[in-house]
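Start at 1 and go down the list; that is how both ligands and their atoms are numbered.
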Amino acid sequence: MSETIPPPPSATTGAHMDAEGYAAAYARSLDDPDGFWREEARRLDWVTPPATIANWSFDPVDIRWFEDGVLNLCHNCVDRHLPARADQTAILWEGDEPGVVRRISYAELHVAVVAMALKLKTLGVVKGDRVTLYLPMIPEAAIAMLACARIGVVHSVVFGGFSPEALHGRIEDCGSRVVITADGGMRGGRLVPLKANVDAALERGCGVTSVIVVRHLGNDVPMAEGRDHWADEMAVSGDCPCEPMGAEDPLFILYTSGSTGKPKGVLHTTGGYGVWTASTFHHVFDYREGEIFWCTADVGWVTGHSYVVYGPLANGATSLMFEGVPNHPNVERFWEMVERHEVNIFYTAPTAIRALMREGDDPVTKHDRSSLRLLGSVGEPINPEAWKWYWRTVGDERCAVIDTWWQTETGGVMITTLPGAHGMKPGSAGRPFFGVEPLLVDGDGKLLEGATSGNLCIARSWPGQMRTVYGDHERFVQTYFSTYKGLYFTGDGCRRDEDDYYWITGRVDDVLNVSGHRMGTAEVESALVAHPLVAEAAVVGYPHDIKGTGIYAYVTLNAGEENSEALETELRQQVRKEIGPIASPDIIHVTPALPKTRSGKIMRRILRKIAENDFGSLGDTSTLADPSLVDSLIEGRRNR
Ligand code: 6R9
């Protein structure tokens, strides 16, 4: 039996839902989904409330929710909170430098969003167009997203850590004609040259005609005449009403890595995503009026979309947005900010928890954390040791800890413990959210019952589900619905225990989760082989203390070329250039050859085992074209 920690009084007192409440609501969400989601949809204001609720099929794949409803998510996140919340802080921002703070009230947010929407209109952007956002973690990122939503423009946010090449690919794929960026960003005291990166991306040619540049750092950046516009110099006036949107009209595209090919443009639509983020924010964080909510994710990732912007603002919360990093200027930064802003709910990633745990308890305990009520985790499995440190040291065994499993594709939280309803098991994500029906299947798709391990699938659609891969519906069908017919396949492995708690064990496909960031091994490989001296590359993951998974790259060179330290540096630079620093390999292992079957397939299973330092269970190597290669690979691994 695994250890279960009952929810502390801070979680149960005043909770919106207890154990019986969850059981009843969960049962109803499966027995009467239309009734359940019709009610949950009332969390949002609709121009026309939906008459039809669920209308979906996984075979053939066609997913619709609330399809005849009409609404606008900017209205739901901003306008409808006026005048009641006019003076309440909507976005509380702290810059990279400690104590540099901006407070944007709901009234001010409204003014700023209207202005940005009008600027987009001035540039000829109309409903249905795509606009790419490449911004630091500043309020203008949320403002630009909401401005797009206001006028029916589909935003595509690209994480500021991606390189010009990666940005270019994402601009081209969705055909944006307008990019919104900033003169630069600051992270950990270092300048991120966002505008220069946009210039470099656009040099490669694409249909971008206008760039809006937000003045943030005040540094000089070259401005292309006729193309680039300082946001604060674009004169606009007047009102900009919210565009009435069909529930199934696209809201945003967000690129994410898969096991093959280029990153996919995950497309979310207005009604379903809106209801899902509003509902999960309310229930999962058991959000209470007036609380300060801090999600540390960057808006370049889905967690930032759903729980820095849409979920909190749809609930009229105060969302804390942080430009910097947890270890600048020192490792007290998070806790110092919790104290300064009296944060009530704190939501971060295991990689940050593990890194801060290494610094000991002092940096945490010297700060007043009595405001904290709830601690959340997202992005990768949280190991029990990190969970317990979070629970004991950060939360003083007073705050419930919730792990939340979900994906870019799912729009919001899918598996978690509800703070007031469930006991917590360190290392387990918990129980399914309303409407979520998880299934475990074996490699052949056979349904596995009871306490067991298998591949995690979801049996039925939920409102926050992605609708398609932008521009490639067939890829959507292939990636998620072809492995197990009639089921959504998550790509994750999972164990279900005797209490029906789910324990995510990690990806079972060729996707790596490095510090909570998704990376396709194929993407890193294609960046490596783009180097003129590289013949072949095979990338696998291996356990890494802080990052969870590290990137291990096996590389073969062209005939006659020799390995050197300089070459390894060049290869890392190559990957940073093609993708960005987050994809830089931790270990580069130059080898004379890669293990292949006689038919020429790279035997990744063996490469994975060797990278994991697990030499005892390499399995059957007799099908290898050159079995002696294994010894030299092991030797090479031992030397690293
Ligand atoms: C929200 C987000 C999705 C992948 C997912 C899984 C891993 C996320 C997790 C978790 C274990 C958790 N993952 N949360 N694994 N426990 N609480 O991270 O989306 O970037 O698309 O990543 O991350 O492997 O499939 P995304």
Side-chain angles (χ1 to χ4, degrees), residues 157-159 161-162 252-259 263-268 273 276-277 280-281 284 295-311 347-354 375-384 386-387 390 401-417 424-433 436 438 455-458 464-466 469 479-480 483 488-496 501-521 523 541 547-549 582-583:
V157 182
V158 177
F159 174 55
F162 279 120
F252 68 81
I253 298 165
L254 183 57
Y255 288 87
T256 191
S257 297
S259 46
K264 301 180 283 277
V266 168
L267 185 115
H268 281 287
Y273 176 84
W276 194 251
T277 49
T280 51
F281 181 83
V284 172
C295 165
T296 67
D298 193 285
V299 291
W301 311 112
V302 74
T303 308
H305 280 61
S306 301
Y307 301 112
V308 173
V309 182
Y310 288 107
Y347 190 35
T348 196
T351 187
I353 298 168
R354 286 192 298 266
L375 302 171
S377 173
V378 59
E380 41 173 329
I382 178 163
N383 46 310
W387 194 101
Y390 204 27
V401 171
I402 53 165
D403 184 12
T404 61
W405 174 85
W406 58 292
Q407 312 178 291
T408 306
E409 293 88 338
T410 72
V413 174
M414 299 286 280
I415 296 180
T416 187
T417 49
M424 305 168 285
K425 298 194 185 201
S428 164
R431 307 271 299 121
F433 188 72
V436 175
N455 295 330
L456 178 63
C457 294
I458 311 289
Q465 185 169 27
M466 73 183 282
V469 170
T479 307
Y480 303 103
T483 319
Y488 167 82
F489 177 43
T490 64
D492 280 323
C494 182
R495 177 168 74 83
R496 181 173 49 220
Y501 274 57
Y502 288 81
W503 303 67
I504 310 295
T505 48
R507 302 289 306 194
V508 295
D509 54 8
D510 288 321
V511 172
L512 307 180
N513 192 327
V514 181
S515 299
H517 302 322
R518 268 166 75 166
M519 209 78 58
T521 52
E523 279 173 83
K547 300 179 174 186
T549 304
I582 51 174

TODO: List the closest protein heavy-atom neighbour of atom 6 (C) of ligand 1: residue, atom name, distance to the nearest 0.1 Å.
DONE: D492 OD2, 3.1 Å
Task: Contact atoms of ligand 1, heavy-atom distance to V302 under 4.0 Å - done: 1 (C), 19 (O)
Task: ligand 1 contacted by G379 (non-hydrogen, < 4.0 Å) - done: yes
- [ ] Around atom 12 (C) of ligand 1, find the nearest protein heavy atom and jot down its residue, atom name and distance.
- [x] E380 O, 3.4 Å
- [ ] Using atom types as modelled and distance alone, determine if a side-chain donor or acceptor of T277 lies under 3.5 Å from a backbone N or O of S306.
- [x] no
Open item on the list: Is it true that Y307 and T280 share a donor-acceptor pair across their side chains at a distance under 3.5 Å?
Closed with: yes
Open item on the list: Given 3.5 Å as the limit, does a donor-acceptor pair link the side chain of S259 with the main chain of V511, or not?
Closed with: no
Open item on the list: With a 4.0 Å cut-off on heavy atoms, is W406 in contact with ligand 1?
Closed with: yes
- [ ] Quick one: look at I382 and ligand 1, take heavy-atom pairs under 4.0 Å, and tell me if it's side chain, backbone, both or neither.
- [x] neither
Open item on the list: Taking E409 first and then R518, would you say they form a salt bridge - that is, a charged N and a carboxylate O separated by under 4.0 Å?
Closed with: yes
Open item on the list: Taking 4.0 angstrom as the limit and counting only heavy atoms of T303, give me the atoms of ligand 1 inside it, by number and element.
Closed with: 1 (C)
Task: Nearest non-hydrogen protein atom, atom 11 (C) of ligand 1 - done: P381 N, 3.1 Å
Open item on the list: Classify the ring geometry of Y310 against F252: parallel below 30°, tilted from 30° to 60°, perpendicular beyond 60°.
Closed with: parallel
TODO: Under the side-chain contact (heavy atoms from CB on, under 4.5 Å) rule, what do V436 and I458 come out as? Steps first, then yes or no, please.
DONE: CA-CA 7 Å; V436 175; I458 311 289; 4.2 Å; yes
Open item on the list: Regarding ligand 1, does Q407 bring an N or O atom to under 3.5 Å of one of the ligand's N or O atoms?
Closed with: yes
Open item on the list: Does any N or O of ligand 1 fall below 3.5 Å from an N or O anywhere on S377, backbone included?
Closed with: no
TODO: Can you pull out the closest protein heavy atom to atom 23 (O) of ligand 1? Residue, atom name and distance to 0.1 Å, please.
DONE: N513 ND2, 3.1 Å
Task: Distance-only polar pair, side chains of T416 and T404, donor-acceptor under 3.5 Å - done: no
- [ ] Look only at interatomic distance and state if T408 has a nitrogen or oxygen under 3.5 Å from any nitrogen or oxygen of ligand 1.
- [x] yes
TODO: Give the residue, atom name and distance (to 0.1 Å) of the protein heavy atom nearest atom 22 (O) of ligand 1.
DONE: R518 CD, 3.2 Å
Task: Residues forming a ring-ring contact (aromatic ring centres under 6.0 Å, His included) with F489, sequence neighbours excluded - done: Y484
Open item on the list: Please list, in number order, the atoms of ligand 1 under 4.0 Å from a heavy atom of I504.
Closed with: 11 (C), 15 (N)
- [ ] Run the salt-bridge test on E380 and R354 with the 4.0 Å N-O cut-off and return the result as yes or no.
- [x] yes
